[in-house]
Each structure stands twice: as C-alpha cells, then as structure tokens.
Amino acid sequence: MKSIPMAFAWEFLEHGKWLMLVGFAQPLLLPLFILAALPELGTSLKDTSISIMLHVFFTLLGMFLVAVCVVGSREPVTRLGALPVSSRAIVFWYMVMSMVAMVTLFGASLLTLRAVYQADWPLLGPVLFGMTMVAGFQVAIWQREHSIGQFVCWFGGMLLFGFWYLWRHSALAFGNFMWPKGIQYWHDVTLLDSAMMLTVIAGSFFVGLRSVAQVRCGETYWKLNLSQWLEKRSYRSAQALPRFSSWSHAHQWYQWQQVGRYVYFCFIACGIMMSVGWLLDNRESYSLFNGLVVSGGMISLLAIGAGIIFAFHGTKDTYGMTNFDLELGNYLATRPKTSTSIAHCVLRSLTKTLLLIWLTWAAVFAFNFTIAWILGWLPNSLVPNELGWWYLPGTVVSLLAAGGVGVSVSLTGRLRLVLGLFGFVFGYVLLTALLEVNRLISKESMSQISAILFGVVGTFATLSALYLACKNSLISARQAVVYCCVWAILEAVVVFEWITIANRQLPAYAIAIGLISLAILPWPATPLAFAYNRVR
Amino acid sequence: MISSIEANRSCVVDVASVTRKFGDKIALDNLSLSIPRGIVFGLIGGNGAGKTTLIKHILGMYRAHAGTVHVFGRDPVADPVGVLGRIGYLSEDRDLPNWMRVGELMGYTEAFFPSWDRRFAEELCQQFELDKRTRVRHLSRGQRARAGLLVALAHRPDLLVLDEPSSGLDPVVRRDILGAIIRTIADEGRTVLFSSHLLDEVERVADQIAIIHHGRILLAGFMDEIKQQHSRVTVRMSGNSNTPPTFAGMLACEGSGPDWTCVCSGQEDQWRPTVEGVGAEIIEHSAMTLDEIFVARVRG
Amino acid sequence: MLYYCINTRDMEYGGGQVQIHVSTDNGTAIYLQIVNQIKYLVASGRLAAGEELPAIRVLAERLVVNPNTVARAYRELEQQGIVEKRRTAGTFVSDQGSPLARRERVKILTARIDLLLAEARQMDISIEEVNKLVEQRHSALQSTGSSEEKDR
C-alpha cells in the first residue's frame, strides 16, 4: 500500500466485495421478478407511460439499494480518527470512491436490464443522479455517527432532492400523484441538471468535511435529546420492583414488554396510515370495506414478522448488537425451566398478541359495518364469493398459522434457516412466474398445484413435528393426543364442508387443510426449535 | 457399586471423558473432571482453551458428542429444571436483558427461583450500589457485572458458576466478585466453579484447580499440592557442556552456558537424585507462583 | 499485581496494630504466608498471649483468600502450639506463645541474614565489609532517632 487513497480503495474493495456484488444484483432482482410475474409488461418496455413509471420506480429503488450497499461497505469513519490523515483527504477519497462504485455498479445493473428487455431506458441521467445521491447518503451516515438530529435533517434534505428526479420525468404533478400521465424519459442532461447535481455534490463535500471533523474531535453542534428526555421521564415514573405470581406470568410480561407491545403499536400505526390514505384518496365506502377485508388477510403477513421477532431472545448483547444471529442469550438459556414450557410460554404470549390484533381489527370492522349499515352505505359484496362466512375464521387461522411458522423457524436461533425459508418461498414464486411466462403451464393448474402442495407440506410438517417432539420426549403423550384431536376436529369440519357443498373447488380446501395444520404446528414445533437453539 | 454412588453424591459436577467438536475443531478432547462439594474450583486456561465450552456443557447448553456430564447426579440436558434451579450462573459476556430496569430484572428472575431470598437480594443491591430504576443497558461495565452477580447469587445456589468473572473489570468490582465467591463458599456445602485467566485471583481463592489447554486437562488437583510439586531449580552443569540438562520430571528449561533454570515437577526427594545423576550441581531452588506453573505447563 | 494491606485492628482486640499481607508474587503458599506472619506478630509481641484472632470468615474476606486457606493456617498454628481454639469462643494466642518468642525471633532474623549473606557473596562483598556496613547503618539509624522497626 503505497499511498492513502490506495489503502482506502483496497480496504473498500476488500471489505465490501460481497456487499457490492449484492448491490449490483439487487436492482436487477425486483424488476426481473415483477416483469416475470406480469409478462404483459415485459414485452414492451418502450416509450409508454407504464414503462416510464416502471423505469422511474425501478431506478429510484435500485439507486437506493446500491447506495445502501456502497455506503455499507465503508468502515465507520470514527476508526480513522487516529490516523495521520487530514479530514479533507478522508472525505474527498471516501466520496470519490463511493461515487465511482455507484456509477460502476448502478450503470452495470441498468445496462443489464436494458439488454435483457431491449428497453430504451436512458442511462446518463439516472447514473449521474445516483452518483449525486450516494455522495449525499455518505454524508448522512457521517452525520448519523454522532447526532441523530443532524442525520434526520440532512437525510430529509436528500429525500427532498429526490423529488428532482421525479420532476425531471414530469412525474411530479399535483392531483395525479399515484398514477401520473404525460411523463417522459430523462434523455438529455441539461445545464441546469448538471449545475444542480454539482451543487449538491459540492454541498455534500463541505457538510461532510464539517461532520467528519466533528466526529473526529467529538463535538456536536446540536443534538435531538428526545430519547434522553423520554428516558428521564420514564425513569422518574419507574416502578421499583415488579412482583410476579409465577414464572410464566413473568415471562409473558417479558415478551410483551420486549416485543408484543411494539408489534401491536406497529399494527395500530399501519391501520392509522391506511385510514389517512383512504381519507386523502377517495373516501368511498367501497374502498374502505375493500381495504378492511384485505387488511384482514394482511395482518397474517404482520404475524410472520411478529413470530420471527417474538423468538428473538437477545443476542450476545454485551454492548450493542455485535453478533447478528438469533442465538439464544446465556441469560435466557439458563432459566431453570424445560425447553417445552419456555417455548409454550413464548407461543402463548405471541398468540395473545395476535388475538389482540385480530380483535382490534374485528372491532374496527364491526364499527364501520354498523355505521355503514345504519346509513345504508353498505356495498353489495364484501368478501369474495368463494370464501363467504369462512372469511372470519379463516383470518384467525391464517393469523395463527403465519405467526406459528414465524416463531417456530425463528426459535431455532439459526438465521440461515429463517433466510432459507424466505429464499425458498421467494424462489418458488419466481419459479412459478417463470413457468407461467414461458407458457409451460397454465395459470389455473399452477395455482391448483401450489394450493395442493401447500396443503400437503403443511400437514406433513405438522405431523412430523408431532412425531419428533414425542420421540425426543419434549411433549407428553397426553399433549400429543390433545393436539391431534384439535387438528382432527378442525380438519373434519373442513372435510365435512367439502363433502356437503359441492360447488367449491379442491384448492381452497387444500389451503384450508394446510392452514389448520400450520396453526397446530407451533405447539409441537416450538419446543423442538427451542431445544435445538438451547442445547447446541 | 455402592461406593461409586456415594462418590458421585459428594461430587457436584462429574464430567466423564467428554468430547466435543465444532466442525473440524476439537473443543474438548476426552476430558474428565469432577468437582467435589464445598470447594472453590478454578478453571484456568488461555483464550480458546475450552473453558467456556466446558462450562456450557455443565449448564446443558452444549450436548456432549461423546461421554457424559452429570451435575448433582443429573443430566443437565435432560433435566434443566433440576440442574439449573440449583445453579447461579454469570456468563462471560454478562448477557442480561438490556431493556430491563435493575428492579425489573430482580423481580423477573425471582419468579424463576422458589429459593430466592428477597432480603439477601436487597442487601446485595445496596452493597453493590445499584439503582433499581436504571436500565441494564445504561449500567457501566462494572455495575452490569454486579447486577449479573446479584441475580446469580440471590437464590443462594448450591453451585455458583462464573465464567471469566473478572475480565475487563476494575479492581474494585473484581474484589466484589471475589468477596461473593468467598461468602458463598463460607456457607456450608456450597460449591463454586469459576474460570479465569487472572491467576493471582485463582491462587487466592481456589481450593482446587485444573489447567485446560486445547480441550484437555493438563493438570488438576489441590492448589497446595500443585504448588508443592513444582519448583524452580537453577543448576550448573559440570564440565563445559552447553547443552541443557534433561532428567525425569523436568518440564521446561532455559538458560545458556553452564547455568540452566529448570522447572521440575514432583517432590524434592524425587528430582534431586536424578538431577545429581546427570552431573549437575543444584545452585538454587525456589517455589513457583501459579502463573509460572501455568506458563511452564502450557509451553512444555 | 493486587496487593492487599489489611488492618485487622478492631475495638475488641485492644492490642497493637495487627497487619497481615498476602501476596501471590512470590511462590510461598498463602496459608504459609499467614502462618509465618502470625508467628512473626506473636514473636514480636504485637499479638499478646490471650488475644483473639479474627474469625476465619472475617479474615478470609479481608484478605480476599479462600476461607479454607485461613482455616488451614489456623490449624497449622494450633498444631505448633502458637494459638489455641477455645470451644465456641474462637481462636486465641496461646500462653505458650511467649516462651517461644525469643527463639522465633532469632529464627526469623537468621533467615534474613542468610539472604543478606547470599546476596553479599554474589556481589563479591566480604563478610568483614558486611559487618562494617551493619555497624555503620546501626549508628546512622540511632543518630536520626528512628527506632521504629521496619516491617519489611
């Protein structure tokens, strides 16, 4: 290493080579995925409004993803504080290297996309804009290293600058924000564009220089003390010593305090955001109920996430999260209780949280329903015909099944397993999309196969979890019999329904059978997962 | 038969020829160890020697690939309630729920242990100057260790397991921890197992020690015996030979010319004749510190 | 290296200042260090006959050593007749302690002189010179009036 820039460049490439490979691949994956799933779009990426919208969306997202990877490849600048390098050199070389990396990676991604789809997407404007953004992004990260307040301001500024990109495509017209018409590609980079971008880069350089200098000597101009203020308030009102009647009570309190309440807040926040969206958009009763019905299914997605973080029992967290894995912390692993009882305790608190979420959703639904009924605004068909009244129990079961799968996979404490599951699902969806696009299989038969596969896999997973849990004497024979009975009764109801009412199709029943199995799954599977995590 | 059961009963921890691998790396290699009741057992070894792995086997957090582990005569993997309920454990990284307040941590831990002594917990809390309303993540390193020690001690465990309790702590907190070990052992029938690489502390408080290296036990026994059995001998070789002396019981040797300083194991009347047998004159011999014994054993 | 200096004087002892140091930087076993130092304290009269020694647990906590080690030191002292255990009352310096004092004092001093002589030989200083030096130091100390005995 002959010189400082060489050393920086070597470290940048060595430290970030994998991340940058991801940075190159990421902007490709989503367009490939969406364009594969919607083949009618993929055939003509020419000068149409949809094509331009997709271009704007993909390039903005791609830019962001590449920028995250590039900036993420850098070591924190605080570490450089002790080196005999001027702040000016650090900022200059860091920025230049990030910008070069951005241009290379993002340019390569865009070129690949253009080649694959023979699209006439412009290159120069987006790449230059991405280069400008990454410079700003890098500065935001430096701000972040010592003051959240400065970070928020700068980051907000950069987001505002992002509107330049939309404006350049004429995509920023009031009234038709969601689906604008009359937009165009950014083909020519004008003098104004160049001046604007140069200004932002120069501004970033000087702000970055100041913030690196600040980080180096640890001074702060102003800091948002909100979290400290909150902490002081809660410190004053903190209870001295909570008392618990039993350990299970104590642990459910633990789960609620650590995860449950945040999951619930998250659900409430999503609900409020959707309501605001509805108020801003059209305020029609039809779209309100449509949204409510869809969100009954959407909370299952939230439940998967909830399940995954419910199992998150502290990493080796001495000071901050240094080792990102889901491995059980020593403190919890040495609680003097059996793996089964702890796992079931976690599962109970998850179930309680999910049911609370469902009840809240149901209450909102019922409230709106009543008001609309009184006012006579009720739309004709609320839920799809194939579902009928099955919709309500269906949402509960799918909620519990989703949460159960999430917590069972995550409690194993193997990040690889969680990522593997996601990868498998993603891969499966991609595979079916590709099969459909290439007309190897029709859409109907594909969805039938998927549904039956889901039913079979769900049932098989549950039964094998029951067998394994019994074999390892993690659950008693009595518990196993109870789970089997509940499972059999629920399945019997579905099968009965299937036999008696003839006009419904097999796939729906396969899905129902699979969902019921998966709702039972966590009871035998979480003890297995917890024991697998605890005893390594 | 009866005598072996009797022997097991007086042994709190009984590890019998345990082997454990992580991938290709052998972490514990056919390791056997037993810890009798009512003593302080010091486990010493370098970084990565297998101390934490051994402790995690005792706590049932690792499953032995070969061999058996018994704690209080039970299998810690199969019976976590019976084993962990009688153990107080402080891990090396002092893993505690960061978001909890100290008071909440005490209340939460109390729920798990029927034998929790509320008065003792309060006493420790005051002695350690812990503020019950502070969050664990806002505690300093030393205070965090004290909080961990509090929740490990307050149920008056039969076996206290401390993994590197003093690493990275200032002398004042280290003294608190050693004081806790001493107070625990002074209560009749309690046992302490602790690992450390601060050999000065081990020498002060341990009754028995085991030196562990590359997953094997190099040396185990009572501290006094171990210290008696090691001595440093300075010899002068007769004639002008510049080669180091070799004799039975020699562990390590350094020096040059005719004078060599050797570390011998065994009693004086054992090595003295052999040293004189190879034609060396004993100039001086002295006792060794545990530190020196450890280095000699691990290097040798 | 940790080095603890413990003052064990308490109200009820009433005697002179009793000091025990334990260190692990020489190879001497800790129980032997305690034995030797208590013997020294008894020999030099700083622990009088009939005076009570601190309880095992108390001394262990103060010295930060294993209580079993202190117990072993007390046992050793008891076997040598320096201290005696009185049922339920504790450990006391025995009455036979004082007759031993003179011999013990000479023994301790002999060990130090041995060390001095060994060092003198290594530095090639003759015994006459050492004697002269001892005389010189003695008069020098007397002239400054410092009669306080140094502990180490």
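Naming convention: chains lettered A, B, ... in sequence-line order (proteins, then strands); numbering from 1 in each chain.
- With values rounded to the nearest 0.5 angstrom, A/Y331 atom OH is found 16.0 Å from B/R94 atom CZ.
- For the pair B/P80/A/R335, no side-chain contact is recorded, criterion being any heavy-atom separation below 4.5 Å from C-beta on.
- Heavy atoms closer than 4.5 Å to chain A are found in the side chain of B/R135, but not in its backbone.
- Contact detail for A/V535 and B/G60: the closest heavy-atom pair is CG2-O, 3.4 Å.
- By the neighbour-count criterion of 12 heavy atoms within 6.0 Å, atom NE2 of B/H214 is sparsely surrounded, having that number or fewer from other residues, nucleotides or ligands.
- In this structure, the side chains of B/E104 and A/Y254 stay at 4.5 Å or more apart for every pair of heavy atoms.
- At a cut-off of 3.5 Å, with distance as the only test, a side-chain donor of A/Q258 or B/W99 sits close to an acceptor on the other residue.
- The contact between A/S246 and chain B is made entirely by backbone atoms, counting heavy-atom distances below 4.5 Å.
- In this structure, chain A has a heavy atom under 4.5 Å from the side chain of B/F113, while its backbone stays farther away.
- Within 6.0 Å of atom CZ in B/R137, more than 12 heavy atoms from other residues, nucleotides or ligands are found, so the atom counts as buried in its surroundings.
- Atom CZ of A/R243 sits about 8.0 Å away from atom CE of B/M106, to the nearest 0.5 Å.
- Considering only heavy atoms from C-beta on, A/N330 comes within 4.5 Å of B/K56 through its side chain.
- Heavy-atom minimum distance, B/A111 versus A/A250: CB-CB, 3.5 Å.
- Within the cation-pi definition used here (under 6.0 Å to the ring centroid, within 45° of the axis), A/R536 does not qualify as a partner of B/Y62.
- When heavy atoms are compared at a cutoff of 4.5 Å, B/H57 does not approach chain A at all.
- Here the OG1-CZ distance, from A/T334 to B/F112, works out to 9.5 Å after rounding to the nearest 0.5 Å.
- Residue B/D163 does not touch chain A at all, counting heavy-atom pairs closer than 4.5 Å.
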